[in-house]
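Residue numbers start at 1 and run along the sequence shown.
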Amino acid sequence: MVAGLDASELLELALLLVAVGALSGFLAGVFGVGGGAILVPVFYECFRLAGVPLEVRMPLCIGTSLAIIIPTSVSSYRAHYARGAVDMEILKQWWLPVLIGVTAGSFTARYAPERLFKIVFVAVAWSAAARLLVARASWKFGDDLPQGPLMRIYGFSIGLLSTLMGIGGGLFANLLMTFYSRPIHQAVATSSALAVLISIPGALGYVYAGWPAAVRYPDVAALQLPFAVGYVSLIGALLVIPTSLVTAPLGVRAAHAMSKRTLEMAFGCYLFIVGSRFVISLL
């Protein structure tokens, strides 16, 4: 028995995580989201089966997701950059506000109640899904992204909310850039670069935030070394990362082969489904 599971249950969980790694890597390439929006709901079920207490289950999911996003987002970004689709000017304006937002999100994660993470996840995922599925031309903030303080506020918000959701920032950057009339292919590519910027300090922040949890729950093996460090599950990351690295470039190829409307519809349906999972949990 390990973490309350016998050998057959551990094998089932391992196979599930390997399959999820392949799917999350593919989605990282297709949508520029780092795969976190699929990893968090699946990790939630895996950690529930492993007996992780409800109070710390969601932050453990998010911290592990951010750690996994590091290599997948790097792979996705390199593939998009090679196609010349990344807007480097936006990255120059956002990198510092995004890092400040990630830091604020990491501190919030240490003290926030478990329900907050779910509420943030659902609110943003469903808002983005509505925007993409309806796709009305009148639903926009302007013809191009703003300059000055508002742009920095956007960067800070992307960093903060991404850290609380366990995603690489692609969800917010995609939504924001399309609201300002940017092509979705460019939004996806630029988001993959933001995922690199968010995932590294975000994962380190969850390591910091999760140290007290390991002390509070000494009998929960999934929170202790060598299975986890802080709110990052090492065993989960090791099972997911290899297959996600293989499939991320395939997702990039698929994204550039789709039409603008097909990519919007696919992303919108995906976000609605994963948001619904946490609505059920909240109710």
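Scanning both residues, Ala228 and Ala222, for their nearest heavy atoms gives CB-O, 3.2 Å. Residues Leu245 and Pro249 share a closest heavy-atom pair of O-CD, 3.4 Å. The two residues Leu250 and Val246 come nearest to each other via the heavy atoms CG-O, 4.0 Å. Contact between Gly230 and Leu60 at its shortest, heavy atoms only, is O-CD1, 4.3 Å. Nearest approach of Thr163 to Ile198, heavy atoms of both residues: OG1-CG2, 4.5 Å. In this structure, Pro201 and Ser106 approach most closely via the heavy-atom pair O-OG, 4.2 Å.
Within the 4.5 Å cutoff, the side chain of Leu160 has no heavy atoms near those of the Val102 side chain. Side-chain contact check for Trp94 versus Arg152: every heavy-atom pair is 4.5 Å or farther apart. With contacts defined as side-chain heavy-atom distances shorter than 4.5 Å, the pair Tyr206/Ile62 qualifies. Using a 4.5 Å heavy-atom threshold, the side chains of Leu234 and Pro226 count as separate. For the pair Ile90 and Met177, the minimum side-chain heavy-atom distance is below 4.5 Å. Residues Val56 and Arg216 form a side-chain contact, since some pair of their non-hydrogen atoms from C-beta on lies under 4.5 Å apart. Side chains of Leu99 and Trp95 form a contact here, defined as non-hydrogen atoms less than 4.5 Å apart. The shortest distance between side-chain heavy atoms of Leu194 and Leu91 falls below 4.5 Å.
Distance alone, capped at 3.5 Å, is enough to place a donor-acceptor pair between the Thr247 side chain and the Ala22 backbone. In terms of modelled atom types and a separation under 3.5 Å, the side chain of Ser233 and the main chain of Gly236 share a donor-acceptor contact. In terms of modelled atom types and a separation under 3.5 Å, the side chain of Trp126 and the main chain of Phe272 share a donor-acceptor contact. At least one donor-acceptor pair under 3.5 Å links the side chain of Gln224 to the backbone N or O of Tyr217.
The aromatic rings of Phe47 and Phe43 sit parallel to each other, their planes meeting at less than 30°, with 60° as the upper class boundary.
A distance of 10.0 Å separates OG1 in Thr108 from CG in Leu161, rounded to the nearest 0.5 Å. Atom CG in Leu66 sits 7.0 Å away from atom OG in Ser199 (nearest 0.5 Å). Between the CD atom of Gln186 and the OG atom of Ser191 there is a distance of 10.0 Å, given to the nearest 0.5 Å. A distance of 7.5 Å separates OH of Tyr44 from CE of Met58, quoted to the nearest 0.5 Å. Put simply, CZ on Phe156 and OG1 on Thr103 are 9.0 Å apart, with the number rounded to the nearest 0.5 Å.
The same ILVMFWY cluster, assembled from side-chain heavy atoms under 4.5 Å apart, contains both Leu176 and Val86. At a threshold of 4.5 Å between side-chain heavy atoms, the hydrophobic network of Ile, Leu, Val, Met, Phe, Trp and Tyr places Tyr180 and Met88 in one connected group. Follow the hydrophobic side-chain contacts under 4.5 Å out from Leu238 and you never reach Leu223; the two are in separate clusters. Taken together through direct or relayed side-chain contacts under 4.5 Å among Ile, Leu, Val, Met, Phe, Trp and Tyr, Val232 and Ile235 form parts of separate hydrophobic clusters. No continuous path of hydrophobic side-chain contacts links Leu133 to Ile273 [ILVMFWY only; heavy atoms under 4.5 Å].
Ring-centre distance between Tyr231 and Tyr208: not below the 6.0 Å cut-off.
Annotation: Arg253, atom CZ; neighbour count of heavy atoms from other residues, nucleotides and ligands within 6.0 Å does not exceed 12.
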